[in-house]
Amino acid sequence: MASIRAENLVKRYGAFRAVHGIDFDIADGEFVAILGPSGCGKSSTMRMIAGLESITEGAIYFDGKRANETRARDRNVAMSFESYALYPTITIYENIAFPLRSAAVEAREIDRRVRDVAEKMELTALLDLKPHGLSSGQAQRVGLARALVRKPSVFLLDEPISHLDTRQRYRMRRFIKSLHQEFHYTMIYVTHDQEEALALADRVMVMSDGEIQQMATPDEVYARPRNAFVAGFVGEPPINFVDCRVRRDAAGWAVEFEGHRLLLPERLHRAAERVGDEGLAAIRPHFLSIGENGPMVIEGRVFVTEELQDQNLIFVDIGGTRFTIVAHPSVKPRRGDIVPVAIDPDHLLLFPRSEAKKFEDLAA
Amino acid sequence: MYELKAVHKRYGLAKVALRKIDLTVRDREFLVIYGPAGAGKSTILNILAGITRPTSGDVRRDGVSILRVPPERRDAAMAFENYALYSHLSVGENLAFPLRARGLGAAEIASRVARISGILGIGHLLDRRPGLLSGGQRQRVALGRAIIRPADIYLLDEPVGHLDAKLRHKIRAELKALADDLSATVVFTTTSSREALALGDRVAVLNEGRIEQAGTPEELYHRPANAFVASFVGDPPMSFLSVAPRREGDRIAFATPGGMPVAALPARAVESLRDEPGSRIQIGFRSNEVRLAGPDDPGTLRGRVDVVENLGYVKIALVGIGEDQVSVSFPASRHLSVGETVAIAFPRDAVHLFQNARAIAHAAPYA
């Protein structure tokens, strides 16, 4: 086990700054997900922790001891990568056993541990095969098994379960989570998938553009995102954004958008003051509904209704903005229908318009 | 209408990709082929396109065999998972290519390129070469090149698999609207349950080269034919509890291995239950159709919380009951600890029964 601390961590590749001087603390036994889009610096950060990448500036501490100069193999860190590099000439069994053989673990113990992890990962039937011909999902599970078979102080998992189907993804995710609960490894899980990050981690470190945008519990990054980037990246279906004007008059603080006006709850008064005139309002699809019930109802035109069976997703155009609404499966408006959309202002979020730019860059 | 009739496909001696499948693609339908990696999804598209020949069986269009019709005469527009863009052409030229090949005028080409690139969010990339794009951007160009022209059938092989969640969400809705507007015939493959249910007029669930079930999203979700479909369609996947059935007059009651009664159904609802003494059946239910109960609620099932997953808007507890583990959704505002004992209340009208992996009864809430 180990705690990890980073101080002003910088990674530069020539003129390109991948990581811009970040600080974080990861407690012994904590499960932290590093979440962000491709190019946000999450993998560089992980590779510096692993010792696979030199540290341009700043320092990393393992259990309070500076580790910048410690070689990768001396950090007792296990890794699984997206590009699961398996050895093609040896069997799956030997691929999984490899780190144990290098560590000179006794043969019977190796056999026990390989078979145990293979069973948990549903790889038993593949043990005698060679990697050639495995599906990408299977190869990924072998890569993960090889990382898990050791008993390291820190687990680094880089996109270990992308490319899996829905059922496998749940199975693997729960396996990883139960593994953490059982053994309390310090785990760092790099992913671009917000659902994985929320479901697995004690804390989520949201990164973009080489910087930490927020590092907090899943509940906090979901309900109280620090900026528009975090609000937009976390949540499925994605949060709705709309440009608005922030106004104050006799009735109090309000936002105006698409010719409508919405009084802000007291909770947002300070944010409104800080944001200034040009705002970016955001509301999650779960807090919009089709119907007349609500302090504010706006008409919109239905673009598409997706029937997911457990819920329907209704895409509604209000002026020039497309909103997503989560509705009960019985609510099925058709394309082109004009529907009333009720907004629950208690769940509104407000950001400065300048943050919209960051959000758009992400979508590009 | 396209039909695969007893189509079998073997690669080499050992690898069987498709096992004598029958599949119909109706005119103007959005058909999703949904299955795990390696199920044979791409092979179906390649056979429809004429790129791959079936080992045996027939492929028909409107009743006429097209086995001998070469790909270039089939009028199928394809988007592959691995892009295949023209690297020497700009993004705009890649998109325009299928239109130029059909002799469209410059103004018409420009207007279609603008529309499709706008829908896919690649309008700002038109002057770039594919080599300078990210994987997700290249994938959108490949999709755009397929859907930009009219075609008899669109074959889209995991066309949004490499996009991030937000883009997938946006483009999914655009694709559905576009297919509706054009009354296009589309076959679309995916490994995502959400995508399959959101897009498909019908969904064919493919597993190890066999079609497990083909039907509307509603049929697959509420009346899965077997345990595979039940566990594969829906996000999160269905949970199963092993129970022992016992006839009690005109009812059939179910108890867990520990003897705990979990549910009872009218015998007429369970038509094909085979009375095998001591046999177990699986009771299946979805995480959002059960709820956590109070300690005093009658008829509840008790278990231990093994894992708690936070999905933001909701949490899911994985609860161990005997040898089984079941998922239960609960409000994100509530806190549950691992190891805690919880009671689960069953909705009796939302369970599915499976015997030997085949469905023998459904009680669906919205049916």
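Letters go in sequence order (proteins before strands), and every chain restarts at 1. The figures here come from the full heavy-atom set of this structure, side chains too, leaving out hydrogens, waters and symmetry mates.
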**Q** Please rank A:S38, A:G39, A:P237 by heavy-atom pairs under 4.5 Å with chain B and give me the top one.
**A**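 With the most close heavy-atom pairs to chain B, the winner is A:P237.
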**Q** Can we say A:K42 and A:D158 salt-bridge, meaning some charged N sits less than 4.0 Å from an Asp/Glu carboxylate O?
**A**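 No.
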**Q** Can you see whether A:F315 has A:R301 sitting over its ring - NZ or CZ less than 6.0 Å from the centre and within 45° of the normal?
**A**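 Ring-cation test returns no.
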**Q** Within 45° of the six-membered ring axis of A:Y222 and under 6.0 Å from that ring's centre, is NZ or CZ of A:R284 located there?
**A**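 That pair qualifies as a cation-pi contact.
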**Q** Which atoms of A:L313 are under 4.5 Å from chain B, going by heavy atoms: the side chain, the backbone, both sets, or neither?
**A**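 Just the side chain, heavy atoms under 4.5 Å.
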**Q** Who pairs with B:F30 by ring pair (Phe, Tyr, Trp, His ring centres under 6.0 Å), at least two apart in sequence or on another chain?
**A**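 So B:F30 forms a ring pair (Phe, Tyr, Trp, His ring centres under 6.0 Å) with B:F188.
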**Q** Side chain, backbone, both or neither: which part of A:R171 has a heavy atom under 4.5 Å from chain B?
**A**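 Answer is neither: A:R171 stays 4.5 Å or more from chain B.
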**Q** Can you list the residues that meet the side chain to side chain contact (heavy atoms under 4.5 Å, CB included) rule with A:T321, with sequence neighbours excluded?
**A**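 A:T321: side chain to side chain contact (heavy atoms under 4.5 Å, CB included) contacts with A:V242, A:E258, A:F323.
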**Q** Taking ring pair (Phe, Tyr, Trp, His ring centres under 6.0 Å) as the definition, give me every residue that meets it alongside A:F31, ordered by chain and number, with sequence neighbours left out.
**A**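 So A:F31 forms a ring pair (Phe, Tyr, Trp, His ring centres under 6.0 Å) with A:H180.
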**Q** Could you name the residues of residues 196-209 of chain B that have a heavy atom within less than 4.5 Å of a heavy atom in chain A?
**A**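 Counting heavy atoms that sit under 4.5 Å from chain A, the residues of residues 196-209 of chain B involved are B:L197, B:A198.
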**Q** In terms of heavy-atom proximity below 4.5 Å to chain A, should B:D235 be classed as side chain, backbone, both, or neither?
**A**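 For B:D235, backbone and side chain are both near chain A.
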**Q** Side chain from CB out, backbone as N, CA, C, O: work out which of these in B:Q325 comes under 4.5 Å of a heavy atom of chain A, or both, or neither.
**A**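 Neither part.
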**Q** Which bit of A:E307 comes within less than 4.5 Å of chain B, counting heavy atoms only: side chain, backbone, both or neither?
**A**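 For A:E307, the backbone is the part near chain B, not the side chain.
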**Q** To the nearest 0.5 Å, what is the distance between CZ (A:R322) and CZ (A:F303)?
**A**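 Reported value, rounded in 0.5 Å steps: 4.0 Å.
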**Q** Specify which of A:Q311, A:Q194, A:R174, A:E236 makes the most heavy-atom pairs with chain B at under 4.5 Å.
**A**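 Top count of heavy-atom pairs under 4.5 Å with chain B: A:R174.
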**Q** Testing the basics here: between B:S337 and B:V305, what is the closest heavy-atom pair and its distance to 0.1 Å?
**A**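 The pair with the smallest heavy-atom distance is O-CB, 3.5 Å.
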**Q** Could B:E309 and A:R173 be called an ion pair, given the rule that one side-chain N must be under 4.0 Å from one carboxylate O?
**A**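 A salt bridge is present here (some side-chain N lies under 4.0 Å from a carboxylate O).
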